[in-house]
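Reading through the structure tokens given below for one structure.
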Amino acid sequence: MKLAERVSQVSPSLTLAITAKANAMKAEGIDVCSFSAGEPDFETPAHVRAAAEKALEEGKTRYGPEAGEPKLREAIARKLKTDNDLDYKAENVIVTNGGKHSLFNLMLALIEPGDEVIIPAPFWVSYPEMVTIAGGKSVIVNTDASTGYKITPEQLRKSITPQTKLFVLNSPSNPTGMVYTPDEIKALAEVVVDTDILVVSDEIYEKILYDGVQHLSIGSLGKEIFARTIISNGFAKGYSMTGWRIGYLAGSTEIIKAASKIQGHSTSNVCTFAQYGAIAALEGSQDCVEEMRQAFAKRRQVMLERINAIPGLSCPKPNGAFYLFPDISKMKVKSLEFCNALLEKEQVAVIPGIAFGADENIRLSYATDMATIEKGMDRLEKFVRSC
Ligand code: GLU
């Protein structure tokens, strides 16, 4: 049997693989401190769970429209106006099986052989793989700590060719936690409009911000950039709904219709009763989001101080998401080797930077409890000092 060529062109998701390994070790009774997956440790808020339970009891258990429950699409369109100043109607929104799936749908709807997609590195592990599966070519643009791991407008302009179709913007960023300032977003928008490419703005971490920084949605900057923007977002991170698998894509009706056609032949609709939980998440009190954000802020502070106190590691202070991305270049070891040894010797699970196109870094998620953070940092310090 010969598998399809596309299988050998992509690698397994390291974020998922390492998380699964850490969980398997825990199941064996090993005391693992896991900072692997970006998965909030909180329960999904009670009113969200109650809404899904009610929908289940009411028999909302049937197939639904492929692009999502009309009420949820409307609620998302309202949210995009209120929170992000984006003028979308329900027909501009498709509900997908998580944020990852919204991006996957987009790549399949938009990208074909010969198309180039600009992805700033460090990047979230799945972006280039999705481009590959769609048959396109990722153009990776390296950034470093000197620009806060952010692509500059000059870098973006330089990497655009006649084949460029899409630019992937992710702020707050996974894996660095960095947030583009409004001026930086404006400068990137000018390049996108000027060169007439499309931008997908992955805003999954938009609610998880610190130190008073603001999230600016690139599409809100005017008609011309709005017409070239696609928004990807979801409920997993902000509402602690990772396992629910509910995300969405918003864009022109043409793109949303195309994504719906593809979704209609792959997953059909997202779990019907789960969508009612998502409606409650958007329409209910947002206090839960703020409570979780405040907990993340405390954890960020503790983890950052502990890491920067370890000789050989250095980490800039991120303003968003729930990741730290320390530089391990002084350790003179590849990131995968570092992470494997750390897991083996000290039972601490972190993700090697190579997964995100940055081999001199590691990623730690602090979406976990403070006791695990303290214990894990003790172990990390011991490990680094022994290297
Ligand atoms: N997005 C999360 C992460 O980066 C979950 C795992 C995944 O989908 O990659 O850890």
Side-chain angles (χ1 to χ4, degrees), residues 38 79-80 83-86 99-100 102-103 106 117-128 130 140-157 159 166-193 197-222 225-226 228-238 247-251 289 293 296-297 300 315-325 356-358 361 363 365-367:
K79 175 259 176 246
L80 289 168
D83 291 0
N84 310 114
D85 199 18
L86 298 166
K100 187 181 286 188
S102 77
L103 291 162
L106 176 69
V117 179
I118 298 175
I119 302 177
F123 48 75
W124 176 49
V125 60
S126 295
Y127 296 146
M130 291 176 185
I140 305 297
V141 180
N142 289 312
T143 71
D144 57 31
S146 69
T147 61
Y149 294 109
K150 297 185 240 186
I151 189 170
T152 64
E154 295 75 31
Q155 280 181 305
L156 177 60
R157 197 178 283 275
S159 44
L166 182 67
F167 161 49
V168 181
L169 175 66
N170 174 219
S171 177
S173 153
N174 175 6
T176 67
M178 294 302 170
V179 181
Y180 285 76
T181 66
D183 282 347
E184 287 164 345
I185 298 276
K186 279 178 202 151
L188 293 173
E190 274 170 27
V191 179
V192 169
V193 170
I197 60 170
L198 295 169
V199 55
V200 57
S201 183
D202 179 352
E203 307 191 347
I204 188 94
Y205 297 97
E206 66 164 331
K207 302 278 182 194
I208 306 169
L209 298 168
Y210 315 106
D211 310 322
V213 300
Q214 299 289 322
H215 167 74
L216 177 69
S217 192
I218 190 165
S220 67
L221 289 169
I225 185 69
F226 180 69
R228 290 169 177 79
T229 300
I230 305 111
I231 304 289
S232 172
N233 206 330
F235 294 80
K237 315 294 185 181
Y248 56 90
L249 196 67
V289 179
R293 191 198 65 79
F296 293 139
R300 174 189 66 144
C315 187
K317 189 178 191 179
N319 295 127
F322 34 59
Y323 304 109
L324 294 184
F325 202 58
F356 313 106
N361 297 74
R363 189 195 79 176
S365 160
Y366 50 87

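We're numbering straight along the sequence, starting at 1.
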_Nearest 0.5 angstrom please: Ile204 CD1 to Tyr248 OH, how far?_
8.0 Å

*asked:* Quick check: do Leu103 and Trp124 have side-chain heavy atoms less than 4.5 Å from each other?
replied: yes

*asked:* Side chains of Leu221 and Thr229, heavy atoms from C-beta outward: is any pair under 4.5 Å?
replied: no

*Do any N or O atoms from the side chain of Asp144 and from the backbone of Ser146 form a donor-acceptor pair under 3.5 angstrom?*
yes

*Would you sort out whether Phe322 and Phe296 count as a ring pair (Phe, Tyr, Trp, His ring centres under 6.0 Å), showing the intermediate values?*
CA-CA 7 Å; Phe322 34 59; Phe296 293 139; 5.1 Å; yes

*Please report the C-alpha distance between Ser220 and Asn84 in whole Å, then the side-chain angles of each, then the deciding distance to 0.1 Å, and finally whether the side-chain contact (heavy atoms from CB on, under 4.5 Å) criterion is met.*
CA-CA 7 Å; Ser220 67; Asn84 310 114; 5.9 Å; no

*Starting at SG of Cys315, measure out to CZ of Arg300 and round the result to the nearest 0.5 Å.*
10.5 Å

*If you take all heavy atoms of Phe123 and Pro128, which pair is closest and at what distance?*
CE1-CG, 3.4 Å

*Glu190 (side chain) donor-acceptor with Ala187 (main chain) under 3.5 angstrom*: no

*Reference residue Arg228; test side-chain contact (heavy atoms from CB on, under 4.5 Å); the match among Leu198, Ile197, Ile218*: Leu198

_Worked check of side-chain hydrogen bond (donor to acceptor under 3.5 Å, both in side chains) between Thr152 and Thr147_ = CA-CA 8 Å; Thr152 64; Thr147 61; over 6 Å; no

*Approximate separation, where rounding is to 0.5 Å, of Phe356 CZ and Ile119 CD1*: 14.0 Å

*Donor-acceptor pair, Asn319 side chain versus Met178 backbone, under 3.5 Å?*
no

*Answer yes or no: is there a side-chain heavy-atom contact under 4.5 Å between Val200 and Leu169?*
no

*Could you tell me which non-hydrogen atom of Thr176 sits nearest to which non-hydrogen atom of Pro122, and how far apart they are?*
CG2-CG, 3.8 Å

*Tyr127/Asn170 under side-chain contact (heavy atoms from CB on, under 4.5 Å): CA gap, chis, key distance, verdict*: CA-CA 10 Å; Tyr127 296 146; Asn170 174 219; 3.3 Å; yes

*Test item: Ser171 side-chain N/O and Tyr180 main-chain N/O as donor-acceptor pair under 3.5 Å*: yes

*Any ion pair linking Glu206 and Lys79 (charged N to carboxylate O, less than 4.0 Å)?*
yes

*What is the minimum heavy-atom distance between Ile140 and Ala121, and which atoms define it?*
CG2-CB, 3.5 Å

*With rounding to the nearest 0.5 Å, note down the distance linking CG in Leu188 to OG in Ser201.*
10.5 Å

*Start with the C-alpha gap between Ile208 and Val289, add the side-chain angles, then the distance that decides, and say whether side-chain contact (heavy atoms from CB on, under 4.5 Å) holds.*
CA-CA 8 Å; Ile208 306 169; Val289 179; over 6 Å; no

*Verify the distance criterion only: is there a donor paired with an acceptor across the side chains of Ser217 and Glu203 at less than 3.5 Å?*
yes

_If I compare all heavy atoms of Val179 with all of Lys150, which pair ends up nearest, and what's the gap?_
O-NZ, 2.8 Å

_Expected output: side-chain Ser232 to main-chain Ser102 donor-acceptor under 3.5 Å_ = no

_Keeping Gln155 on the side-chain end and Asn142 on the backbone end, is there a donor-acceptor pair under 3.5 Å?_
yes

*Is it the case that Thr181 and Asp183 place a side-chain donor and acceptor less than 3.5 Å from each other?*
no

*Among Tyr366, Tyr205, Tyr149, find the one that has a ring pair (Phe, Tyr, Trp, His ring centres under 6.0 Å) with Tyr323.*
Tyr205

*asked:* What's the separation between atom CG in Leu249 and atom CD1 in Ile231, rounded to the nearest 0.5 Å?
replied: 9.0 Å

_Which heavy atom of Asp211 sits nearest to which heavy atom of Lys317, and what is that distance?_
OD2-CE, 3.9 Å

*Between Arg293 and Gly238, is there a donor-acceptor pair closer than 3.5 Å when you use the side chain of the first and the backbone of the second?*
no

*Roughly how far, to the nearest 0.5 Å, is the CG atom of Leu156 from the CZ atom of Phe167?*
5.0 Å

*Determine, step by step, whether Ile230 and Leu166 satisfy the side-chain contact (heavy atoms from CB on, under 4.5 Å) criterion, reporting the C-alpha distance in whole Å, the side-chain angles of both residues, the deciding distance to 0.1 Å, and the verdict.*
CA-CA 10 Å; Ile230 305 111; Leu166 182 67; 4.3 Å; yes

*Indicate yes or no: does Asp202 engage Lys100 in a salt bridge with an N to O separation below 4.0 Å.*
no

*Closest heavy-atom pair and its distance - Arg363, Pro175*: CD-CB, 3.5 Å

